[in-house]
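Note that the structure is a prediction, hence the values are computed from the model and not measured. Residue indices begin at 1 and follow the sequence shown.
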Amino acid sequence: MAKAVKADMPRVARFEPFSLVWFCGLVGLAIVASLAFDPYLAYVATSWVIFGLLGLSLDLVWGRGGILSFGQTAFYGLGGYLGSITAINFASLTGNTLVWSLPVGMATGAATAFLIGGLTFYGRLGPLQTTIITYTFTLVLWTVAVSFTATVGEAVVGGDNGMSNIPGYVLGLGRDAPLLEPGAMFLTVAVIATIAWYASHVLMRSPFGLVVDCIRMDPVKAELLGYDVRLYQLLLFTIAGAVAGLAGALFGAWANYLNPSVFSVQEALLVPIYVLVGGRGTLVGAFIGALAVGGLSFWLGGGVIGGQTTLVMGACLILLVIFLRNGLTGGLKDLMELARRLARRRDQGEEAEARKSSLSVDFERLDLLRTAGGEPVVLETEDTFKRFGGVTPVRHISQSFSRGRVRCLIGPNGAGKSSYLKACTGVYKPDGGSITLAGQDITKTDPFRRVRMGLGIKNQRAQVFAGLDVRRNLWVAAYSRSRDARMADWITTEMLHMLGMRNSASRPASELSHGEQQWLDLGMVLALAPDVILLDEPAAGMTNEERRQLSHMVRALARTASVVVVEHDMDFVRTLDADVTVLHQGEVFARGDIESLRQDDRVLDIYLGRRQHV
């Protein structure tokens with residue numbers, strides 16, 4: 001079945017690599033610059049490109065990953081030191097210096113970033129704690145480097161005196177291979193930096209990059225789609241560490257000298273400036289920022305303003321941050337996006353009307369959910385208990401949910417309904433009791449693993465990735481299920497048809513109405529094909545027609561999956577023909593059908609705040 005379906009799948013969600021024409025164009029521009037620059041300018045401009053490469057490493061983890069790291073200069077400095085030590089000792093064997101320093105520098109940066117990232121991400125530290133740890137690590141390295149002395153073969157690390165006699169750029173082989181001239185050195189570094197940027201660009205346009213963007217926008221939602229958020233963050237951090245280590249090795253060969261200043265606070269604070277000036281999250285902006293800052297400083301340092309370089313540079317940076325908050329490259333992208341939005345608004349009314357008219361629960365023709373012929377998957381909680389200090393939102397709840405009929409959880413505000421669902425999904429770790437899914441104990445299992453085991457949840461607030469369009473929101477959910485781009489393309493197309501959102505596929509999720517975001521969020525959950533579906537107030541913000549369609553959908557889903565609905569709207573609950581459980585103060589208070597519960601004075605008392613029967 002899967003093979004037959006796969007053969008007919010339309011390829012609708014493409015993540016093509018950036019055109020090689022641009023790569024060749026940048027290399028061509030570097031060749032022209034290397035020929036046009038005088039030797040001194042070529043030498044100085046080489047350092048700007050290296051700093052841009054260092055900025056690229058930060059833009060990966062901050063601009064795309066959402067984590068401000070001050071540890072990039074630490075990986076940069078360690079890569080420079082270890083790469084240079086290797087080149088000093090082994091370059092005489094081959095003549096070529098970069099073949100030794102660059103791989104060692106990259107490996108050093110990657111290994112160090114992996115260790116620091118593992119500590120922070122798997123320790124479940126927040127973004128602020130991660131920033132503090134990376135900053136502290138850089139300060140510790142600076143303190144150690146000032147007093148550390150060692151002799152490694154022919155390399156002498158002299159503490160505050162630094163390390164000299166680092167071999168320069170040699171590309172030829174043999175002991176007599178000559179050093180590169182400044183122009184050739186600039187071209188070499190520019191080509192290496194372009195390759196690193198191009199590889200980063202391709203990576204961030206791949207499914208990996210799309211998931212990283214989703215984690216930056218909403219890490220909780222990304223994990224509830226089945227992605228191991230910590231693993232993605234660690235991989236990105238490690239890759240960025242490798243880029244920083246590469247930049248450090250290039251800097252050591254450029255300067256022929258390294259000292260502890262590479263770990264200084266000033267160096268650490270310059271890197272975010274490069275990223276902000278060029279445009280955070282654009283990747284190429286890191287190079288533009290480094291070239292802009294370096295070029296302006298070079299020009300001002302020529303005496304055109306009478307020695308006030310620092311003052312003018314500071315004023316320029318302040319104005320740039322105020323008026324171009326997304327940097328030079330980001331400002332251009334904002335203008336292009338504004339033009340696209342204005343063009344879309346002309347057809348917005350037609351799109352909304354088309355969506356309304358095409359809305360239909362037509363998913364039965366899709367092969368997205370398991371058929372009822374398989375073994376039913378049961379979610380069970382036994383004496384589940386959760387406490388937050390003096391508040392206990394979940395008190396020893398024992399429930400079993402299986403397919404065949406919708407189960408509803410109702411109760412007044414503060415009854416513990418949402419907290420109970422979060423305990424089931426792993427967002428809250430229970431303090432007691434047990435939770436099983438398909439007979440397996442998942443009480444301590446991470447949320448993303450529960451999702452991979454067949455659990456899906458739509459939280460009370462619509463959780464969509466506002467920075468992505470409708471199609472890619474659905475695609476990232478479908479890809480989590482299949483891990484196959486072509487299958488994800490097909491699932492996305494079918495989900496768009498089912499939701500009646502084909503005409504809105506290219507609209508940013510941030511432009512959708514609240515009700516449309518609820519539908520999109522629900523579609524992302526259904527794209528996972530879960531065996532157990534938890535819906536927390538799914539009808540909130542929907543029109544009457546949308547609620548009617550949602551009711552049909554939920555009842556149909558219950559035939560192939562276990563469906564649990566938390567809802568305040570009693571009229572909507574009545575349409576579900578559900579088995580209803582009433583929660584009160586974190587406990588199971590009553591159970592039955594909605595009509596009998598509406599006649600129960602005890603239930604009315606807890607909703608109205610009376611104490612006659614409670």
Show your working on side chain to side chain contact (heavy atoms under 4.5 Å, CB included) between Q233 and V212 and close with a plain yes or no. CA-CA 7 Å; Q233 290 176 325; V212 166; over 6 Å; no
Relative to the ring of [Y], is the ring of [X] parallel (under 30°), tilted (30 to 60°) or perpendicular (over 60°)?
X    : Y    : answer
Y232 : Y227 : perpendicular
F137 : F75  : tilted
W475 : Y479 : parallel

Using atom types as modelled and distance alone, determine if a side-chain donor or acceptor of [X] lies under 3.5 Å from a backbone N or O of [Y].
X    : Y    : result
S482 : A478 : yes
N256 : G252 : no
T97  : G168 : yes
D218 : C214 : no
N96  : L98  : yes

State, to 0.1 Å, how close [X] and [Y] come at their nearest heavy-atom pair, and which atoms those are.
X    : Y    : answer
A477 : L225 : CB-CD2, 4.0 Å
L236 : G65  : CD2-CA, 3.7 Å
F37  : F186 : CE1-CZ, 4.0 Å
P430 : Y428 : CD-O, 3.4 Å
S261 : S264 : O-OG, 2.7 Å
F465 : A509 : O-CB, 3.6 Å

Determine whether [X] and [Y] make a side-chain contact, defined as any pair of heavy atoms from C-beta on separated by less than 4.5 Å.
X    : Y    : answer
V293 : Y274 : yes
T282 : I288 : no
W62  : P272 : yes
V32  : L35  : no
L102 : I192 : yes
R230 : F448 : yes
L54  : L58  : no

Please identify which of these residues, I457, I442, T445, meets the side chain to side chain contact (heavy atoms under 4.5 Å, CB included) condition with T425. I457
Which of these passes side chain to side chain contact (heavy atoms under 4.5 Å, CB included) with V146: N161, D160, L141, N259?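 It is D160, the one option of N161, D160, L141, N259 that forms the side chain to side chain contact (heavy atoms under 4.5 Å, CB included) with V146.
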To the nearest 0.5 angstrom, please state how far the [atom1] atom of [X] sits from the [atom2] atom of [Y].
X    : Y    : atom1 : atom2 : answer
L246 : I195 : CG    : CD1   : 10.0 Å
L128 : L68  : CG    : CG    : 9.5 Å
L250 : M185 : CG    : CE    : 11.0 Å
D59  : S200 : CG    : OG    : 9.5 Å
L60  : L203 : CG    : CG    : 7.5 Å
E154 : F90  : CD    : CZ    : 10.0 Å

Pair F287 + W48: ring centers closer than 6.0 Å: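 That pair fails the under 6.0 Å test.
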Assess whether side chain to side chain contact (heavy atoms under 4.5 Å, CB included) is satisfied between F251 and L258, documenting all intermediate values. CA-CA 8 Å; F251 181 80; L258 285 174; 3.7 Å; yes
[X] atom [atom1]: more than 12 heavy-atom contacts under 6.0 Å:
X    : atom1 : answer
D431 : CG    : yes
F114 : CZ    : no
D38  : CG    : yes

Assess, by modelled atom type and distance only, whether the side chains of S57 and Q72 contain a donor and an acceptor separated by less than 3.5 Å.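 Result is yes, a qualifying pair exists.
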side-chain hydrogen bond (donor to acceptor under 3.5 Å, both in side chains) contacts touching residues 129-143 (sequence neighbours left out): none
Residue list, salt bridge (Lys or Arg N to Asp or Glu O under 4.0 Å) with D213, at least two apart or on another chain: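 Partners of D213 by the salt bridge (Lys or Arg N to Asp or Glu O under 4.0 Å) criterion, ordered by chain and then number, come out as R64, R216.
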Begin from the C-alpha positions of L468 and L210 and carry the test side chain to side chain contact (heavy atoms under 4.5 Å, CB included) through to its verdict. CA-CA 9 Å; L468 302 180; L210 180 61; 3.8 Å; yes
Once side-chain hydrogen bond (donor to acceptor under 3.5 Å, both in side chains) is applied, do any residues pair with K422, and if so which ones, sequence neighbours excluded?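 Per chain and number, K422 pairs via side-chain hydrogen bond (donor to acceptor under 3.5 Å, both in side chains) with no residue.
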Does a side-chain N-to-carboxylate-O contact under 4.0 Å join K221 and D521?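 A salt bridge links K221 with D521.
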Mind running side chain to side chain contact (heavy atoms under 4.5 Å, CB included) on V229 and F121 for me, showing each step along the way? CA-CA 9 Å; V229 170; F121 301 132; over 6 Å; no
Checking W100 against T94 for the side-chain hydrogen bond (donor to acceptor under 3.5 Å, both in side chains) test, could you report, in this order, the C-alpha distance in whole Å, the side-chain angles of both residues, the deciding distance, and whether it holds? CA-CA 9 Å; W100 297 103; T94 59; 2.9 Å; yes
